[in-house]
Structure formats: C-alpha cells, structure tokens
Asker: 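This is the structure I want to talk about, given as structure tokens.
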Amino acid sequence: MYATEAQPKAPLRAALSASWLLRAALALSGWLALAATALPAGWPARWIPVLLFVAFGPGCALLLPLPHGLRPAARLEALALAAPLSLSLATLAATALYLVAGFTATVFLASLATVTTLAAPLPAVPLPAATRGAAERRTPGP
C-alpha cells in the first residue's frame, strides 16, 4: 500500500526539481554573460554568451518556469516569444540608460541580469490564448 502511494509523488518531485534547476540556470545566465565580458575582446567565448543571454535570457525567465510544464508545440511557441520579449526588454533598458547618460555594457548587462534573476523564481507570464489549451494539464476522461 505504501509503495503505490509513493509512486505518484516521484514524478512530481522530479518535475519540481527540474523546474527549480531551470529557474536557477536562468537566474545565473545573466551573471555568467556579465562575467564573460572579462575575457579578451574578440573571443567567441566573450560575445556568444552575451548574445544568447540578451536574445533569450529575460524572455525565458518571464515565460518558461511554468509549474506544470508545456507540451512540445507550446514550448516552441514560448521560446519563439521569448526572443522578441528579451529584445524588447533589452531595448527598453538600453534606451533608459542612454537617456540618463549612463550606458555602458557592464551596466546594461547587470540591469538585464538583475531583471532575469528577479523574474526567474516568479510564476510565468500567462501565455497567449493560442497556447492556453496546450499549457493546461489534461484531466483523464471517464
């Protein structure tokens, strides 16, 4: 009797731990991109993490940490929506920093990393209506 009660909890624990690992990776991604700027100029190990973080980091932090996960088609749509969302946040941050005459690459990446770190543990932003059905859990029918 005890073995059957423990079995449904194991996949839930695995999903929760995977969700927290994803959230932690997203929270650290901006700080790793900021640390990569200390490498010599022109190295791919310097600009590739920065490019990937600016293009996907903040958007993924806002969209991906869903508690129940997504189906494959909705995952693709969330990733496709993460890029324009990240680039929009990057544009807003860069514009604000230019307006206050404080734009540097370090301050820009630090501000995006802070937003990503703060957004990663929060619940995800609701997805568009097209993916709501794909994001919801299916309940078994009679």
Side-chain angles (χ1 to χ4, degrees), residues 3-142:
T4 57
E5 290 178 9
Q7 286 176 351
K9 292 180 183 178
L12 180 61
R13 280 190 194 150
L16 287 176
S17 67
S19 173
W20 278 106
L21 283 174
L22 176 64
R23 290 170 190 246
L26 285 170
L28 291 175
S29 65
W31 303 110
L32 292 175
L34 184 61
T37 60
L39 295 172
W43 281 28
R46 178 179 178 160
W47 60 267
I48 290 175
V50 172
L51 177 68
L52 289 175
F53 169 69
V54 171
F56 293 103
C60 285
L62 289 171
L63 292 175
L64 285 185
L66 291 171
H68 303 296
L70 292 171
R71 289 195 195 141
R75 266 185 257 147
L76 182 61
E77 185 173 347
L79 188 62
L81 185 59
L85 184 60
S86 292
L87 294 174
S88 298
L89 288 172
T91 303
L92 287 172
T95 303
L97 289 171
Y98 271 118
L99 288 176
V100 298
F103 183 85
T104 63
T106 304
V107 173
F108 172 70
L109 283 174
S111 64
L112 285 180
T114 302
V115 168
T116 304
T117 302
L118 293 174
L122 297 176
V125 173
L127 290 172
T131 60
R132 279 196 197 123
E136 294 170 358
R137 286 182 110 176
R138 283 191 175 172
T139 55

Asker: How close do Trp47 and Gly42 get, heavy atom to heavy atom, and via which atoms?
Answerer: NE1-O, 4.1 Å

Asker: Could you list the residues that satisfy side-chain contact (heavy atoms from CB on, under 4.5 Å) with Val50, not counting sequence neighbours?
Answerer: Ala33, Thr37, Val54, Leu109

Asker: Below 30° counts as parallel, above 60° as perpendicular, anything between as tilted: where do the rings of Phe103 and Tyr98 land?
Answerer: parallel

Asker: What's the separation between atom CG in Leu92 and atom CG in Leu87, rounded to the nearest 0.5 Å?
Answerer: 11.0 Å

Asker: Can you sort out the partners of Leu39 under side-chain contact (heavy atoms from CB on, under 4.5 Å), two or more places apart, ordered by chain and number?
Answerer: Ala45, Arg46

Asker: Here's a test for you: under side-chain contact (heavy atoms from CB on, under 4.5 Å), which of Leu122, Leu89, Leu26 qualifies with Leu62?
Answerer: Leu89

Asker: Got a sec, which pairs hit side-chain hydrogen bond (donor to acceptor under 3.5 Å, both in side chains) with one end in residues 106-120, sequence neighbours left out?
Answerer: Trp31-Thr117

Asker: If every non-hydrogen atom of Ala90 is compared with every non-hydrogen atom of Phe108, which pair is closest and at what distance?
Answerer: O-CE1, 3.3 Å

Asker: Quick one: closest heavy-atom pair of Ala55 and Ser86, and the distance?
Answerer: O-CB, 3.2 Å

Asker: Roughly how far, to the nearest 0.5 Å, is CG of Leu81 from SG of Cys60?
Answerer: 10.0 Å

Asker: Tell me the closest heavy-atom pair linking Leu63 and Ala82, and the distance in Å.
Answerer: CD1-N, 3.7 Å

Asker: Between atom CG of Leu97 and atom OG1 of Thr104, what is the distance when rounded to the nearest 0.5 Å?
Answerer: 7.5 Å

Asker: Check Phe53 against Gly30 and note the closest heavy-atom contact, atom names and distance.
Answerer: CE1-CA, 3.3 Å

